[in-house]
Amino acid sequence: MLNIILFGPPGAGKGTQSQFLIEKYQLIHISTGDVLRAEMNAGTELGLKAKAFMEQGVLVPDEVVIGMIDAKLKESSNAQGVIFDGFPRTIPQAQALDALLESKGQPIRGVLGLEVNEIELVKRVLERGKTSGRADDQNEELVQKRVSEYNTKTKAVADYYAAKGKYHSVNGIGEIENIKKDLFEIMNKI
Ligand code: AMP
């Protein structure tokens with residue numbers, strides 16, 4: 001199984017680049033943001049639990065997200081591999097994911113981290129907000145909050161995987177095609 005994490009702050013290009021990776025490597029895409037939004041729109045118990053956090057631009061509690069990943073992985077046990085997008089976002093999430101995958105003998109092969117500066121991130125997310133229909137993409141304060149959540153809670157996950165020799169950084173600024181090429185090069189090495 002080719003299990004990878006596409007890592008980076010909001011607006012780094014994870015959604016866009018995921019699509020290229022899924023197609024080329026036949027991976028299943030698990031985006032916790034997408035799953036949470038679907039649960040919220042369907043009005044499920046999980047969605048209701050997540051709603052207030054998402055509307056404030058802060059992370060949903062670890063136990064909610066970890067339980068959700070467990071269920072999603074059970075659904076995708078026949079896949080060639082999984083691309084995790086927007087997960088893990090905290091050290092406990094990373095530890096839970098590693099424990100889960102290692103118990104199956106299918107550990108994370110690599111973490112591909114898209115690096116983009118903060119000014120560009122905020123600009124991109126607000127631009128996306130014009131068409132994404134996401135309330136959290138349309139309000140500058142909320143976008144800033146999400147970036148600050150990344151800085152305080154998520155960034156450390158890069159160091160966690162770097163210490164395991166699994167973190168690969170990619171410049172997320174420039175032509176989409178060039179970024180895609182850089183990501184494919186890493187994929188072919190891991
Ligand atoms: P995203 O679509 O990845 O930008 O996520 C949108 C929102 O969903 C975030 O601002 C969080 O409130 C929540 N969320 C998504 N993934 C996670 C996660 N792995 N851990 C905690 N909260 C998450």
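Whatever order the structure lists them in is the order used to number ligands and atoms, beginning at 1. Just so it is clear, the structure is predicted and the values come from calculations on it, not from any experiment.
Val58 and Val122 are members of different hydrophobic clusters when ILVMFWY side chains are connected at heavy-atom separations under 4.5 Å. No continuous path of hydrophobic side-chain contacts links Leu21 to Phe87 [ILVMFWY only; heavy atoms under 4.5 Å].
Under a 4.0 Å heavy-atom criterion, Arg134 is in contact with ligand 1. Ligand 1 has Arg37 within reach: a non-hydrogen atom of the residue lies less than 4.0 Å from it.
At a heavy-atom cutoff of 4.0 Å, ligand 1 is contacted by the side chain of Gln93 but not by its backbone. Only the side chain of Leu36 comes within 4.0 Å of ligand 1, counting heavy atoms alone; its backbone N, CA, C and O stay farther away. Under 4.0 angstrom from ligand 1, there are no non-hydrogen atoms of Thr90. Heavy atoms of Arg146 found under 4.0 angstrom from ligand 1 belong exclusively to the side chain. Heavy atoms from both the backbone and the side chain of Val60 come within less than 4.0 Å of ligand 1.
When the heavy-atom distances from atom 15 (C) of ligand 1 to Glu149, Met68, Arg89 are ranked, the shortest goes to Arg89. Which of Lys14, Met54, Glu55 comes nearest to atom 8 (O) of ligand 1 through a heavy atom is settled by distance: it is Met54.
The cationic group of Lys164 does not satisfy the cation-pi geometry with Tyr167, failing either the under 6.0 Å distance to the six-membered ring centre or the 45° limit from the ring axis.
Taking CD of Glu185 as the start and CG of Leu183 as the end, the distance is 9.5 Å to the nearest 0.5 Å.
Aromatic rings from Tyr161 and Phe7 are positioned such that their centres are separated by 6.0 Å or more.
More than 12 heavy atoms of other shown residues, nucleotides or ligands fall within 6.0 angstrom of atom CG in Leu48. Within a 6.0 Å sphere centred on NZ of Lys180, other residues, nucleotides and ligands contribute more than 12 heavy atoms.
Under a 4.0 Å criterion applied to the non-hydrogen atoms of Val58, ligand 1 contributes the atoms 11 (C), 12 (O). Residue contact check: Val65 has heavy atoms under 4.0 Å from atoms 18 (C), 19 (N), 20 (N), 21 (C) of ligand 1.
With respect to the salt-bridge test (charged N to carboxylate O, under 4.0 angstrom), the residues Glu127 and Arg124 do not qualify.
Looking from atom 16 (N) of ligand 1 to the surrounding protein, the closest heavy atom is Thr32 OG1, 2.8 Å.
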